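Quick notes on the structure that follows.
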Amino acid sequence: MFAVGRMVMVVENRPRSAYDMARLSNEIEEYQNWLDERAEAEYELASKAKSKGLDFSREVEIPRAADLASRTEKLLEEYLKGLRIEDELRELLGTTDRESASIQIAVDVAKKMHVRDGDLRDAIDCGLRVGLAVLTEAVLVAPLDGIGAVRILNNGDGSEFLSIDFCGPIRAAGGTAQALCVLIGDMIRRELGLGRYLPSTPEVERVKEEFGLYRSGLQYKPPPEEVDVIVRACPVMVNGEETEKQECAGYKEVRNIENENGSFRTRVRGGVMLVIGEGLCLKAPKIVKHTERMQIPGWDFISQFAEKGKPKEAKSGGFKSKTIPKISRYMDDVIAGRPIFGEPGEPGGFRLRYGRSRATGLAAAGLNPISMEAAGGFISVGTQMKIERPGKACAVTPCIDIDGPTVLLSNGDYRMVSSLDEWDAINGEVVSIWDNGEILLGFGEFLENNKDLVPSAYTRDWWAADLVDILDHPEKVQRFSE
């Protein structure tokens, strides 16, 4: 048992006055100023300590940055070689979304580097890392260690193409950033006049063999026919360093799958598996959104993966069906011994409620403390749960403003439990939990995962709105009573 249920943050629904908003704004500004002053004091103290020469460096290794633009420039100082991008990136981020800004700044940086230094490979390498840094908000290691090298190789006909070596740390970037990284590489090589990748049959078959040997967890493992389509159609070669112990046998020594010293890469390349499986296949809908908006040629192949897995809309009498399709993917990943709190789309699981509490943040959900208690202690603050919608996972936080579980007691009573004291009193008499209660999710989680919104459960707020509507229109009262 746990006692956090009584110390929860609530959803505050009351409207704020202009005075309240102004006061809140002032409090936030004062708090931010306090943080800045304290951070400056700490940096001054650290600088004095470093200047004594008792450490490996006389300077504080962690630079200060005000925002994403500043973080990106400081993170990639070694690759930018004096090129300033902070102001340009800040302006882009103020006028467009982060993904579009990452594509544009990557192309701009590559072009400027190429004009300044004349080195095609270094220009592409720098632009690609800048784009990936923006996608990952410049807080992950992926832009530095997720890309091993950028190389310009030759097709069978002698033409040059772009090859990107992905390493294990690219996993931290996530599927969307992995896929967009390939798209950014393609756009940069077009701008700089580099040819497209024309894979040979051994190169395609090598990737198929590696997927068969790859034993690490993948959110999606494409079948050989899908791998064939992607590798042959992708304008950029998704290459990578050897990361696994398994060695390929059928296609062990293949041209272009080599180290910089000329030796063949004979073992499985984990970065290739991640970028193709969790990136290009799984995040195809997001890629299609950008390729169609920017009218990028050569990416038509990705559309078939964007439509894969989408339920076909059933029509009846010219109207679309309102049936909510079930998504069972989260059940496919269940590990033995983990509890299951609801089957896909079946009654008795958690009922969706849109909103946020003060304790929920990104990829977090709110549960009533009684629901957490009724789960037998398996759910506590911070528990990671896989959910049907919008997918992926969520971290659990408590919220007392949503409904708790509905239970059936041994004496035949059927009731919703509203307090911990009540639960403690009836715990021994519970025959079954008919309903887990509500789960609080922000609509932004659906937007971020590119999933359609679905109707929420009928709530008190919804009921109150219907009641007010009836009271405001007396002619509806008679109809309602009938």
Side-chain angles (χ1 to χ4, degrees), residues 29 31-117 119 121-150 164-174 176-178 180-181 184-185 187-188 362:
E29 184 177 357
Y31 179 57
Q32 184 63 54
N33 292 336
W34 180 84
L35 288 175
D36 292 340
E37 292 171 1
R38 294 299 298 271
E40 182 65 31
E42 297 296 338
Y43 263 84
E44 289 180 3
L45 179 61
S47 298
K48 290 179 181 179
K50 284 281 190 178
S51 65
K52 295 182 180 295
L54 301 176
D55 206 345
F56 297 104
S57 171
R58 288 182 176 270
E59 297 179 353
V60 179
E61 290 91 343
I62 304 175
R64 295 187 64 187
D67 54 13
L68 172 55
S70 179
R71 289 200 305 272
T72 301
E73 184 172 299
K74 286 180 167 59
L75 179 69
L76 299 172
E77 283 179 336
E78 178 184 348
Y79 295 93
L80 291 169
K81 300 175 182 178
L83 182 65
R84 301 301 302 273
I85 65 170
E86 185 175 334
D87 294 337
E88 180 185 358
L89 178 55
R90 187 174 291 116
E91 183 179 349
L92 278 173
L93 291 169
T95 56
T96 186
D97 63 275
R98 181 158 47 88
E99 293 176 352
S100 299
S102 70
I103 296 173
Q104 189 168 337
I105 192 65
V107 174
D108 291 345
V109 166
K111 290 167 66 176
K112 290 177 181 177
M113 291 284 288
H114 188 236
V115 170
R116 189 188 70 177
D117 302 333
D119 191 317
R121 193 204 68 80
D122 281 353
I124 297 175
D125 188 9
C126 183
L128 197 60
R129 293 179 193 272
V130 168
L132 184 56
V134 176
L135 287 171
T136 57
E137 301 189 52
V139 296
L140 300 178
V141 73
L144 298 176
D145 298 333
I147 299 175
V150 170
I164 306 173
D165 286 350
F166 291 100
C167 309
I170 195 64
R171 180 188 291 271
T176 300
Q178 293 166 18
L180 284 175
C181 191
I184 290 172
M187 295 190 65
I188 293 175
L362 298 176

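Please read all numbers here as calculations on a predicted model, not as lab measurements. Index from 1, following the sequence.
In this structure, Asn33 has no side chain to side chain donor-acceptor pair (under 3.5 Å) partners at least two apart in sequence or on a different chain. The side chain to side chain donor-acceptor pair (under 3.5 Å) check on Glu73 picks up Arg84, with sequence neighbours excluded. Remark: Gln32 engages Asp36 in a side chain to side chain donor-acceptor pair (under 3.5 Å) (not counting sequence neighbours). Taking the side chain to side chain donor-acceptor pair (under 3.5 Å) definition, one finds that Thr176 meets it with nothing, sequence neighbours left out.
Taking the side chain as every heavy atom from C-beta outward, Ile188 and Val109 never approach each other to under 4.5 Å. You'll find the side chain of Leu135 reaches within 4.5 Å of the side chain of Ile184, heavy atoms only. Side chains of Tyr43 and Ile62 form a contact here, defined as non-hydrogen atoms less than 4.5 Å apart.
Note that NZ of Lys112 and NE2 of His114 are 15.5 Å apart. Values are rounded to the nearest 0.5 Å. We find the CG-CD distance between Leu80 and Glu78 to be 10.0 Å, quoted to the nearest 0.5 Å. Here the SG atom belonging to Cys126 is positioned 11.0 Å from the CG atom belonging to Asp119, to the nearest 0.5 angstrom. The distance from the CD atom of Glu86 to the OG1 atom of Thr72 is 9.0 Å, given to the nearest 0.5 Å.
The minimum heavy-atom distance between Ala69 and Leu89, with the atom names listed, is CA-CD2, 3.7 Å. Closest non-hydrogen pair, Ile147 versus Cys167, comes out as C-SG, 4.2 Å. Nearest heavy atoms, Pro143 versus Ala133: CG-CA, 3.5 Å. Considering all non-hydrogen atoms of both residues, Pro169 and Ala142 come closest at O-CB, 4.0 Å. Heavy-atom minimum distance, Asp108 versus Glu88: OD2-OE2, 2.9 Å. Here the closest non-hydrogen pair linking Ile164 and Gly185 is CD1-CA, 4.4 Å.
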Fill in: Test side-chain contact (heavy atoms from CB on, under 4.5 Å) applied to Leu140 and Leu132, step by step
CA-CA 10 Å; Leu140 300 178; Leu132 184 56; over 6 Å; no

Practice prompt. Check the pair Tyr79 / Leu144 against side-chain contact (heavy atoms from CB on, under 4.5 Å), numbers first and verdict last.
Written response: CA-CA 10 Å; Tyr79 295 93; Leu144 298 176; 3.9 Å; yes

Discussion item. Using salt bridge (Lys or Arg N to Asp or Glu O under 4.0 Å), reason through Asp122 and Lys81 one step at a time and then give a plain yes or no.
Written reply: CA-CA 11 Å; Asp122 281 353; Lys81 300 175 182 178; 3.6 Å; yes

Item to complete: Report the C-alpha distance between Ile85 and Leu83 in whole Å, list the side-chain angles of each, state the deciding distance to 0.1 Å, and finish with yes or no for side-chain contact (heavy atoms from CB on, under 4.5 Å).
Response: CA-CA 6 Å; Ile85 65 170; Leu83 182 65; 4.2 Å; yes

Fill in: Step-by-step side-chain contact (heavy atoms from CB on, under 4.5 Å) determination, Val107 to Lys111
CA-CA 6 Å; Val107 174; Lys111 290 167 66 176; 3.8 Å; yes

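The side chain to side chain donor-acceptor pair (under 3.5 Å) analysis of residues 123-141, with sequence neighbours excluded, yields the pairs Asp125-Arg129. Legend: salt bridge (charged side-chain N to carboxylate O under 4.0 Å, His left out) pairs involving residues 52-67, not counting sequence neighbours, sorted by first then second residue: Glu40-Arg64, Lys50-Asp55, Lys50-Glu61, Asp67-Arg90.
Distance alone, capped at 3.5 Å, is enough to place a donor-acceptor pair between the Ser102 side chain and the Glu99 backbone. Checked by atom type and distance alone, the side chain of Arg121 pairs as donor or acceptor with a backbone atom of Val150 at under 3.5 Å. Between the side chain of Arg71 and the main chain of Ala65, no donor-acceptor pair closer than 3.5 Å is present.
Surrounding CG of Leu35 are more than 12 heavy atoms belonging to other residues, nucleotides or ligands, all under 6.0 Å away.
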